[in-house]
There are 2 protein chains.
Amino acid sequence: MDCVLIVPVTEHERDRTGSDHVSELTTARLSVYLRCIESLDASGVNTISSQGLASQFQLNAAQIRKDLAHFGEFGIRGVGYYVKDLKRHLKEILGLDRSIKVVIIGAGNLGLALADYAGFRQDGFDVVALLDTAREKVGQYSRSGVPIRHARDLDRLVEREKIDIAVVSVPTEAAQETVDGVVAAGVRAILNFSPGSPRVPAHVKLKNMDLTITFESLSFFLANGHVDP
Amino acid sequence: MDCVLIVPVTEHERDRTGSDHVSELTTARLSVYLRCIESLDASGVNTISSQGLASQFQLNAAQIRKDLAHFGEFGIRGVGYYVKDLKRHLKEILGLDRSIKVVIIGAGNLGLALADYAGFRQDGFDVVALLDTAREKVGQYSRSGVPIRHARDLDRLVEREKIDIAVVSVPTEAAQETVDGVVAAGVRAILNFSPGSPRVPAHVKLKNMDLTITFESLSFFLANGHVDP
DNA sequence: CTCTGTGAACCACTTCACAGCA
DNA sequence: TGCTGTGAAGTGGTTCACAGAG
């Protein structure tokens, strides 16, 4: 088994090394905070209090402070947070202070749509390639110019391009083997769009975006959550 | 075999009507259970215990029993659950015992990809139409034949087709007004793909699939979750 | 004075463990 | 016997409330 060894940092310096357990919920909120802060920055706001953030963006002030406290002391008592400062810190915490290389496996409707998703560029995510096995697709390009290459190039691509994240948008029945291949190639973060949750080793982070579950949850709400007039 | 349970109502109200609070986490798991049960059913399995389900699909047995217990007593002590029976119950609980009408607003890459997503048909979700405002798109069809109509038809469509769920895949800046329009048209369940969370009235269920948050969470993991050898 | 950072209280979800039924 | 359904215990995340910095 893998044994997690907690390496003692030289005394008590800031944790950037993921020492303290930070919950997934917290990390998801960090993205939200960053978005809010960027909006404030764009509006020319210089400082903001946790209360100000909370009321403006429908959040909880104490939670903002707690979430940030995991990573250091970014605020000034009596003042709040310097917007530009906090933005920089959040980007660094989220690892967005560099370009993130993404490969999308499966050049079907969804894969192609994702490759052309405009939100990526501006957020520092760089879709390096689409991979597929279909002869007629390989060699083509997505509308925005992402090249489609053969899936067998995965290993080479990951190594040469230092791929950070693999997106899996293949038919359900191919999901597990695709994930296995991605893991074997050395990718440590995977976003899976197939229903179900493929197995991955402990050192790999897998996120599932399960459309079926989402739709069925909405259906549940319609069937149960409500009293018809 | 046929286990006609449940019962005439005793004096006081039973659930089914959303009386007991059922958490979102529970409802998401119901979808998972249904998927597992359908797989077992397809394999010809007749009965399954919570333990069997748990070990086979990487779940927790007590949690399965607790989740199901919110909706009735579907199991047989000493035996487990009849697969066909449980499947029927789960479908009914999730509101999948009828066709769910879906409209997708925004016939961009993502909207078109979603409209053609194969998983829908087999799950009873019926994508009735795509809506868009672009002249050149209106009147066209998605690859699988979903018609693209003008967004101004929303009200009529919702009323005539009894739309259950609206999917919002429009540019970020149009998300809030789109959601407002959908709500005004009388739709009570919305799946939003734009970043951020539009405001909706309390009686409307909104689910956000925020790609940005998801990618940034993966980025966070890469930046913090790991020690490079 | 204002607002952060944080222990403590609170609440929600999960897991345990067992009584009791088939 | 083997299993469900469920109170009780455990865990983790959120909110409160306040000491103390600026």
Side-chain angles (χ1 to χ4, degrees), chain A residues 12 14-15 20-33 36-37 40 45-83 85-86 89-90 93 213 217 220, chain B residues 1-7 10 14-15 20-33 36-37 40 45-83 85-86 89-90 93 217 220:
Chain A
H12 57 302
R14 286 283 166 283
D15 50 306
D20 249 34
H21 264 187
V22 181
S23 97
E24 300 247 330
L25 297 167
T26 296
T27 75
R29 282 192 299 264
L30 293 177
S31 291
V32 175
Y33 302 155
C36 299
I37 281 292
L40 289 172
V45 176
N46 282 317
T47 68
I48 185 84
S49 68
S50 59
Q51 188 47 251
L53 260 180
S55 57
Q56 200 169 337
F57 297 99
Q58 208 71 21
L59 306 166
N60 177 295
Q63 187 160 66
I64 295 169
R65 299 198 298 274
K66 264 249 151 104
D67 286 339
L68 295 177
H70 283 109
F71 303 97
E73 305 204 353
F74 306 127
I76 318 269
R77 288 156 198 253
V79 177
Y81 302 86
Y82 284 109
V83 170
D85 218 41
L86 185 52
H89 279 299
L90 283 170
I93 292 166
I213 289 178
S217 293
F220 173 88
Chain B
M1 308 190 281
D2 73 312
C3 211
V4 186
L5 34 64
I6 299 252
V7 268
T10 54
R14 282 200 314 98
D15 36 1
D20 248 34
H21 267 186
V22 181
S23 97
E24 300 248 328
L25 296 167
T26 297
T27 74
R29 282 192 299 267
L30 293 178
S31 291
V32 175
Y33 302 156
C36 298
I37 281 292
L40 289 172
V45 176
N46 282 316
T47 68
I48 185 82
S49 67
S50 59
Q51 188 47 249
L53 260 179
S55 57
Q56 200 169 336
F57 296 98
Q58 209 72 21
L59 306 165
N60 178 295
Q63 187 161 67
I64 296 170
R65 298 198 297 275
K66 266 252 150 102
D67 286 338
L68 295 177
H70 282 111
F71 304 96
E73 305 204 353
F74 306 128
I76 317 271
R77 288 154 198 254
V79 177
Y81 301 86
Y82 285 108
V83 170
D85 217 41
L86 185 52
H89 280 297
L90 283 170
I93 292 166
S217 293
F220 174 87

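In what follows, every chain begins at residue 1, and chains take the letters A, B, ... in the order their sequences are listed. Everything numeric here is computed off the predicted structure, so don't read it as measured data.
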Taking [atom1] from [X] and [atom2] from [N], how many angstroms apart are they, rounded to a whole number?
X	N	atom1	atom2	result
Gln51(A)	dT4(C)	CD	P	9 Å
His70(B)	dA12(C)	NE2	C1'	11 Å
Phe74(A)	dG22(D)	CZ	P	16 Å
Tyr82(A)	dG22(D)	OH	P	12 Å
Ile64(B)	dC16(C)	CD1	C1'	15 Å
Arg29(B)	dT15(C)	CZ	C1'	12 Å
Leu68(A)	dG13(D)	CG	P	17 Å
Asp85(A)	dT4(C)	CG	P	14 Å

Picking from [options], which would you name as closest to the side chain of [X]?
X	options	result
Glu73(B)	dT15(C), dT6(C), dT6(D)	dT6(D)
Gln63(B)	dC3(C), dC16(D), dT15(C)	dT15(C)
Asn60(B)	dC13(C), dC16(D), dT15(C)	dT15(C)
Arg77(A)	dG22(D), dG2(D), dC18(C)	dG22(D)
Arg65(B)	dT6(C), dG5(D), dT14(D)	dG5(D)

### Message
Are Leu86(A) and Leu68(A) packed together at the side-chain level, in the sense that at least one heavy-atom pair is separated by less than 4.5 angstrom?
### Response
yes

### Query
Is the shortest side-chain N/O distance from Ser50(B) to OP1 or OP2 of dT4(D) below 4.0 Å?
yes

### N or O in side chain of Tyr81(A) less than 4.0 angstrom from dT2(C) OP1/OP2
no

### Message
What I want to check is whether the side chains of Tyr33(B) and Asp67(B) have a donor and an acceptor closer together than 3.5 Å.
### Response
yes

### Query
Of Ile48(B) and Asp67(A), whose closest DNA chain D nucleotide lies nearer the 5' terminus?
Ile48(B)

### Message
Can you work out whether Leu25(A) or Val79(A) has the more 5'-proximal nearest nucleotide on DNA chain D?
### Response
Leu25(A)

### Task
Go through the steps to decide whether Ser50(A) and Tyr81(A) satisfy the test side chain to side chain contact (heavy atoms under 4.5 Å, CB included), and finish with yes or no.
CA-CA 8 Å; Ser50(A) 59; Tyr81(A) 302 86; 4.2 Å; yes

### Message
When you measure only distances, ignoring hydrogens and angles, does the side chain of Lys66(A) come within 3.5 Å of the base of dT15(D) through a donor and an acceptor?
### Response
yes

### Whether Thr26(B) side chain and Val22(B) backbone form a donor-acceptor pair below 3.5 Å
no

### Query
Going through the checks in order, is the side chain to side chain contact (heavy atoms under 4.5 Å, CB included) test met by Thr47(B) and Ile76(B)?
CA-CA 10 Å; Thr47(B) 68; Ile76(B) 317 271; over 6 Å; no

